[in-house]
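Here the structure comes first, spelled out in C-alpha cells, and everything after it is commentary.
Protein chains get the first letters and strands the later ones, always in sequence-line order, with residue 1 at the start of each.
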Amino acid sequence: MAHQAHAYHMVDPSPWPLTGAIAALLMTSGLAIWFHFHSTTLMTLGLILLLLTMYQWWRDIIREGTFQGHHTPPVQKGLRYGMILFITSEVFFFLGFFWAFYHSSLAPTPELGGCWPPTGITPLDPFEVPLLNTAVLLASGVTVTWAHHSIMEGERKQAIQSLALTILLGFYFTALQAMEYYEAPFTIADGVYGSTFFVATGFHGLHVIIGSTFLAVCLLRQIQYHFTSEHHFGFEAAAWYWHFVDVVWLFLYVSIYWWGS
Amino acid sequence: MAEDIQQKLEKYRTAPFDARFPNQNQTRNCWQNYVDFYRCQKALDAKGVDTAPCDWYKRVYKSLCPLSWIEKWDTQREDGTFPGKI
C-alpha cells in the first residue's frame, strides 16, 4: 500500500468542516441573543471562528494543490464543477430579490400612490454615479481578462499589474457606492422602494467585497509564484466570480436604477 | 352609444364591466375611479365648467370601494398626505 492507483484526491481528515459548522451555529444563535438580550459576544465569537476556518481551510487547499500536487486534471475538473454550481446558486439567490423588486414595481399599490417610484421617493439619477459605477465594473472585467491572458502567456509583471488594477477598480466601486449610500435621499425604511433597493444593491456590494478579497488573495499568490501558465484554477474561479458580480450589477442597473426611476 | 351622461347616470344600477380590469382583483378599478373623480373635478373646476360628468366616476367608486378605503383616502386628501396624483 505504497501509493494510490488513481488520479483522485482522498483528502486527509480535517477539523475545518467542524469548526465551520460550529461557527455557523454560534453566529446564528448569537444573532438571536443580540436581538433579544443586547449582547454581541456570541455572534462575535462565531464570526472570529468563521474567519479562522476560512483562512485555514483555504490555506490547506492551497497546500494540497500547489505544494503537494494533488490537483490533477480530474480533480481540477471537479473543482470547476463546484465553482460553477456555487455561482449558479448565487444567481438564484439574486433572482429572488429581483422577483421581489418586479413584484412591487410592476403593479404599485394604492399605498404607494399607484405609481413607481412611489410618491415621495426621489430616485438616484441613473446617469450620474450609477453610470460611473457601471463603467468601473465593466473596465474591471477587461482588466481581469487581461490578467488571465498575462498569466497564460507567462507575463509575470503584467499579470501583477492588471490584477492589482482590477482590485483597485473594485475598491473604487465600493467607495463610490458607500458614498451613494451615505448621500441617498431615501433609506431602507422608506417603504418597499427602500427595502428592494438597499437589500438588492446591498447584497451586491457584499459580493463585490468578497470578489475583491478573492482577487487580492490571487494577487498575493501570483506574486509568490503559485500560478503556472497552464494551471491557475484559483485565479480562474476568482475571475468567474468577478464576472458574475459584474453581470448582477448590469441587471441591477438596468432594472432598479434605470427602469425603476 | 350617444346617450348623454345624464341618461347614463339615471340608468345606473352598479359598476359595469370595465375591460381595463378584467380579473378578480378589482383594487385598481376602485383606485382608478376614485382618483379619476377628483381629477375630473379639479380639471373642470379649473375651467369653470359644470362638474356633473364627473359623477359617473363617483358612482363607480362608491359601488366598488370598501367604505374604509374611501374614508382613509378622504382623510388623507384633507391632510394633504394622499399618495395619488390629483
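- Environment of OH in A/Tyr172: sparse, with no more than 12 heavy atoms of neighbouring residues, nucleotides or ligands closer than 6.0 Å.
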Could you work out all donor-acceptor pairs shorter than 3.5 Å where one atom is in chain A and the other in chain B?
{"from": "A/Pro108", "atom 1": "O", "to": "B/Arg28", "atom 2": "NH1", "distance (Å)": "3.4"}
{"from": "A/Gly114", "atom 1": "O", "to": "B/Arg28", "atom 2": "NH1", "distance (Å)": "3.4"}
{"from": "A/Gly114", "atom 1": "O", "to": "B/Arg28", "atom 2": "NH2", "distance (Å)": "3.4"}
{"from": "A/Thr119", "atom 1": "OG1", "to": "B/Pro83", "atom 2": "O", "distance (Å)": "2.4"}

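- Under a cut-off of 6.0 angstrom, the local environment of CH2 in A/Trp58 is sparse, with at most 12 non-hydrogen atoms contributed by other residues, nucleotides or ligands.
- Surrounding OH of A/Tyr181 are more than 12 heavy atoms belonging to other residues, nucleotides or ligands, all under 6.0 Å away.
- A 6.0 Å sphere centred on CH2 of A/Trp258 holds no more than 12 heavy atoms belonging to other residues, nucleotides or ligands.
- Enclosure of atom CZ in A/Phe127 by more than 12 non-hydrogen atoms of other residues, nucleotides or ligands within 6.0 angstrom is indicated.
- Interface summary for chain B: among A/Ala107, A/Cys115, A/Pro118, A/Pro110, the most heavy-atom pairs under 4.5 angstrom belong to A/Pro110.
- Within 6.0 Å of atom OH in A/Tyr182, 12 or fewer heavy atoms from other residues, nucleotides or ligands are found, so the atom counts as exposed in its surroundings.
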